[in-house]
4 protein chains.
Amino acid sequence: MASSDQSNDHLVHSPDSQHPANLICELCRKFYTLGWVTGTGGGTSIRHNDHLFIAPSGVQKELMQPTDMFVMDFHSREYLRRPPNLKPSACTPLFYAAFSRRGAGCCIHTHSQWAVLVTLLVEREFGSSACFEIERIEQIKGIPKGRGDDGKVGGMLGYFERLRVPIIENTAREEDLTESLEAAMEKYPDTFAVLVRRHGIYVWGDNVQRAKTQCESLDYIFQLAVEMKKLGLPWT
Amino acid sequence: MASSDQSNDHLVHSPDSQHPANLICELCRKFYTLGWVTGTGGGTSIRHNDHLFIAPSGVQKELMQPTDMFVMDFHSREYLRRPPNLKPSACTPLFYAAFSRRGAGCCIHTHSQWAVLVTLLVEREFGSSACFEIERIEQIKGIPKGRGDDGKVGGMLGYFERLRVPIIENTAREEDLTESLEAAMEKYPDTFAVLVRRHGIYVWGDNVQRAKTQCESLDYIFQLAVEMKKLGLPWT
Amino acid sequence: MASSDQSNDHLVHSPDSQHPANLICELCRKFYTLGWVTGTGGGTSIRHNDHLFIAPSGVQKELMQPTDMFVMDFHSREYLRRPPNLKPSACTPLFYAAFSRRGAGCCIHTHSQWAVLVTLLVEREFGSSACFEIERIEQIKGIPKGRGDDGKVGGMLGYFERLRVPIIENTAREEDLTESLEAAMEKYPDTFAVLVRRHGIYVWGDNVQRAKTQCESLDYIFQLAVEMKKLGLPWT
Amino acid sequence: MASSDQSNDHLVHSPDSQHPANLICELCRKFYTLGWVTGTGGGTSIRHNDHLFIAPSGVQKELMQPTDMFVMDFHSREYLRRPPNLKPSACTPLFYAAFSRRGAGCCIHTHSQWAVLVTLLVEREFGSSACFEIERIEQIKGIPKGRGDDGKVGGMLGYFERLRVPIIENTAREEDLTESLEAAMEKYPDTFAVLVRRHGIYVWGDNVQRAKTQCESLDYIFQLAVEMKKLGLPWT
């Protein structure tokens, strides 16, 4: 790799707390306390104009610094910045799918245990090709309804509508999830999230705030759904 | 909206940590860590003399700033301050019912999962028109007994008394809950809280401290009640 | 009450973080995050020479300030300091029993849900006069074995010994627990804690560190015991 | 003990946050919030060249200071520094086994309740000589596969591989675990962790980051495994 790839430190240095390199660090500290990214699991990426900022692989997510960020050019998919001694995230092609196919501004990947348990419960009850489905829970109003023909988000799901989150099967290597993630995006054009069986979830949104709050709403719903199963309460 | 509506920044600027605009932000940061207002859910409102301070709709509740607050005149119900680019909370008419019908000084709305689960358990066991009822739990002494003829709070519930929290059915739009919330206030004149099925809870009190500590006591009781059900222990 | 009772502010003002008035505030902030003292529940008291420092009744425990502390003389049982507008804790005679009958230096009262659930499970399985009993859990080595004839703590419980924590029945008024708490101290001379059915626990120790760490160890064991019941695993 | 043993304060004084004496304090504060080291339970040790830094016995782990650390010489196994009034950790010979037999740079001992519950569930279902085994959970990719003939870590476990963590029986005294811990290291040359029945876990790694993140990944898996049992979902 050319040394120029490694020297673009100006891309990640900013006094602005809202700069993507700073925001990813702050988000991951918060996600760590929620149990979403412990043990170096999970990841986060933000698109800012034509730059994709991506947390590295295999690091303690609550201790990341802006200088740990990878920066990729959206069009060429080449790294504008690669921190020496760090490995790019295996989630990169999955994040890229959210940016390129859905126009996302931020994509979050968690290993939330509630998400994992929901994928196991769905498989046992409805089979391996089923979605997670729930309805009549107020918090589903925190999940967007999909986009209209103009590409804009068409409002949030209603209380009486059904939330569906597709589930894809896990693979040995994270990058090998890309094809089935993209297929799920095709099959469920309205979804803003894809669950990965026995693994976790990818959630994206138009910007950081939407991706984060949708991820929170989904995690709330998954936790509630697991507790409902323990108490024998049906999801639909 | 008149531009004057948006310029009353002096209403929310104060160095006093006990100023309502500052307190709402501090409370919501705390409520976020308790899981009550994640995913932009929930809300909080404080009445200070004739001004109602209300957290906006659809924002990250743990990141709110005093300048994000809406301020409404109690008598005219008109906004004295509307932050541009923010939407008023759909909870506003429900908060207003607590201020106008109960003389509350603060009203808190959470999406606590324990509250939601309790509403589901009550429906399954006692039907859709039933209250949540529990007795002989020390923490119910943290819930007021109701008001005397003089309008003053008449002490706390006793250990051997039964706590009853009415439950209303959820509606598609939050503001459409107002009628049934008001009806529950009529039917249960002693209650300081109303559960909303599959949604959460509204809790009010004479001032911020009482609303917050009553909300904590109720949430403690709901969590305990759910754990009791998992262990096969009866509520009454 | 004489005004002199209220003016002894020097008793609670100290720059030393280990001063009892400062320590109680710090402990209660920590206990709040553990869910032990939410909704104004629970309390803490420290004996320092002949002064008993006691958190007040009915306040938000995580927000207490040193100036909120009551100070009582150990011998006369009269208040040396009573903050105006605050009420003395109803736990005071129970704390006093630990100081006078057991030579405790600190006594902690929590409303921990794990403690409450354990008292309910014991009642259902073993009847209302039974102790909580568990054995062969490493953490019981964090609980003292009792005192020798010299009044000194005789080491910690061993892994193969059985932990017994007596349970007393709750009463309408907290102060009415005193008699049965004292009776439990008589009947179980080795215990450093008494559970209160449907209410919580009192834990004491020779000093702040011991009371706090014993309280943590007991709460760990109660939580584990509840989870064991959910999984069908026996306690003894 | 010679006074020189107690005076080597320079061994634990450093402005560098990555110095072992500082790191152990920071790690234990974090582990306390995770419930791994409450009630003075658990411990942590770091090897730095020929110095072993070890947290003391019986202290509040979240309040430790660098000056509380014991320092032992790796070769002579003699203390280079013994803080007066503190007791050496009973875990010391177990930490030593990880340093000497596995070339570890850090060893962590927790009393995690998830670890304890897993040992009880394995015993009931598979008998007292069985390992904990789980497969097809993404987070097992956070656990190393073992070492090659060159002594280097040979990559992480794959998603389709099975994680096995040996379990040893608890003993009355912590130091008496040493023999069976060493035997488990012999029998399971690839393991980076040993569970102790009804007690907790020892986890080690080449350095602090690896030991900590492996400990997090294992604890995540144990929690998930317990929740799976509650929901009737199989581990393998």
Rounded to the nearest 0.5 Å, the CG atom of Leu117(B) sits from the CG atom of Leu233(A) at a distance of 7.0 Å
By side-chain contact (heavy atoms from CB on, under 4.5 Å), Ala130(A) pairs with (sequence neighbours left out) Val122(A), Phe126(A)
With sequence neighbours left out, the residues meeting side-chain contact (heavy atoms from CB on, under 4.5 Å) with Ala193(A) are Val165(A), Ile201(A), Val203(A), Leu218(A)
**Study point:** Over 12 non-hydrogen atoms of neighbours within 6.0 angstrom of NE2 in His51(A)
**Key:** yes
Bottom line for Val226(B): the part with an atom under 4.5 Å from chain A's heavy atoms is both
Short donor-acceptor separations (under 3.5 Å), chain A to chain B:
residue   : atom : partner   : partner atom : Å
Lys30(A)  : NZ   : Glu62(B)  : OE2          : 2.6
Arg136(A) : O    : Arg198(B) : NH1          : 2.9
Glu138(A) : N    : Arg198(B) : O            : 2.9
Glu138(A) : OE1  : Asn170(B) : ND2          : 2.9
Glu138(A) : OE1  : His199(B) : ND1          : 3.4
Gln139(A) : OE1  : His111(B) : ND1          : 2.7
Gln139(A) : NE2  : Thr38(B)  : O            : 3.3
Lys141(A) : NZ   : Ala172(B) : O            : 2.9
Gln209(A) : NE2  : Gly58(B)  : O            : 3.3
Lys212(A) : NZ   : Gln60(B)  : OE1          : 2.6
Lys212(A) : NZ   : Glu62(B)  : OE2          : 2.6
Glu216(A) : OE1  : Gly39(B)  : N            : 2.6
Glu216(A) : OE2  : Tyr32(B)  : OH           : 2.4
Tyr220(A) : O    : Gln113(B) : NE2          : 2.9
Tyr220(A) : OH   : His111(B) : O            : 2.5
Leu224(A) : N    : Gln113(B) : OE1          : 3.3
Glu227(A) : OE1  : Lys230(B) : NZ           : 2.5
Leu231(A) : O    : Arg124(B) : NH1          : 2.8
Leu231(A) : O    : Arg124(B) : NH2          : 3.1
Gly232(A) : O    : Arg124(B) : NH1          : 3.2

